[in-house]
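Reading through the structure tokens given below for one structure.
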Amino acid sequence: MRKKVIAGNWKMNMLPNEAIKFIEQLTPMVKNTANEIILCVPYTDLFYSLLTAQNTNIKIGAQNMHWEKSGAYTGEVSGSMLKSIGVEYVIIGHSERRQYFAETDETVNKKIKSALQNELKPIVCVGETLNQREEEKQIEVVTNQIKIALNGITSSQIENVIIAYEPIWAIGTGKTATANDANEMIKAIRNEISTLYNEEIASKIIILYGGSVKKENSKELFSCSDIDGGLIGGASLNVDDFTKICLSV
Ligand code: PGA
């Protein structure tokens, strides 16, 4: 049985005092769930969030990292820096980073390798554009993203990787993939993992759905056979909504 994982992606939102208040409110409400609850917060909130989430079942993640350990990369933050303060997860290759910050499948691959070397668990985002879906190329596009992203990642390392299928046309648009479409795509990703590794690894890997997940649709999505939870953007900024999503399965 795969564990359900609910990860909030706050994007460029929330000041430290807001992060602290949010985590303090969330803590008692999710304390009895067996689901893995993760909040991926801006760099400036990481330290405060880690302190506030100490001794709770809420895990803290970052939203990006550089693949090099250190050096002349003004404005960047490395995996070892994240690890040093106690961060556990890091989102890699979110479509907004690919779209606005020129990330490619190749840089995503380097970041995943570096995250794993630093004992961080990467949440690797993949997903097709509206055009690609209209041309019925979604499986080809996503399979290709997975292949390049996981190039060189060993069978033992892959256990610490989470994949998030996020169709770009569904992110922040209010349009959600139907539960059935999302489940089919996630099955196709699992199939690709089976080809790249083996069936056992494919049956164990956690694959999330992301893109306009809300309290109204989370239960239906997360109850599908292959969907192991969600990566939640907008709805993770409201503590009541996020709690309902965390407890919907
Ligand atoms: P959304 O964002 O839930 O606001 O659509 C999801 C994401 O970008 O991870």
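Order of appearance sets the numbers: ligands from 1, and atoms from 1 within every ligand. Owing to the predicted nature of the structure, the values given are computational and were not obtained by experimental measurement.
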Qualifying residue, where the test is side chain to side chain contact (heavy atoms under 4.5 Å, CB included) with Arg98 and the options are Ile168, Thr107, Asp105, Thr104: Asp105
Should you measure from each heavy atom of [X], which atoms of ligand 1 turn up under 4.0 Å away?
X	answer
Gly211	5 (O)
Ala170	5 (O)
Lys11	2 (O), 7 (C), 8 (O)
His94	7 (C), 8 (O), 9 (O)

Just so I know, are the side chains of Ile91 and Leu231 near enough to count as touching, which here means a heavy-atom distance under 4.5 Å? yes
Would Asn160 and Lys121 count as a side chain to side chain contact (heavy atoms under 4.5 Å, CB included) if you check the C-alpha gap in whole Å, the side-chain angles of each, and the deciding distance to 0.1 Å? CA-CA 5 Å; Asn160 292 314; Lys121 295 176 189 159; 4.1 Å; yes
For ligand 1, indicate whether the residue Asn9 contacts it via side chain, backbone, both or neither (heavy-atom separation under 4.0 Å). side chain
Report yes or no: does a heavy atom of Ala235 sit under 4.0 Å from some atom of ligand 1? no
Any heavy atom of Ser212 closer to ligand 1 than 4.0 angstrom? yes
Find the distance between CD1 (Ile92) and OG (Ser114) and round it off to the nearest 0.5 Å. 8.0 Å
Rounded to the nearest 0.5 Å, how far apart are OG of Ser225 and CD1 of Ile186? 9.5 Å
Could you check [atom] against the protein and tell me its nearest heavy-atom contact, residue, atom and distance included?
atom	answer
atom 9 (O) of ligand 1	Glu166 OE2, 2.7 Å
atom 4 (O) of ligand 1	Gly234 N, 2.8 Å
atom 3 (O) of ligand 1	Gly233 N, 2.9 Å

Can a donor-acceptor pair be found, under 3.5 Å and without considering hydrogens, that links the side chain of Tyr89 to the backbone of Ala7? no
Using a strict cut-off of less than 4.0 Å between a Lys/Arg side-chain nitrogen and an Asp/Glu carboxylate oxygen, indicate whether Lys59 and Glu36 qualify as a salt bridge. yes
Is the closest N or O pair between Gly172 and ligand 1 shorter than 3.5 Å? yes
Within residues 13-26 or reaching into it, pairs that qualify as side-chain hydrogen bond (donor to acceptor under 3.5 Å, both in side chains) - sequence neighbours excluded: none
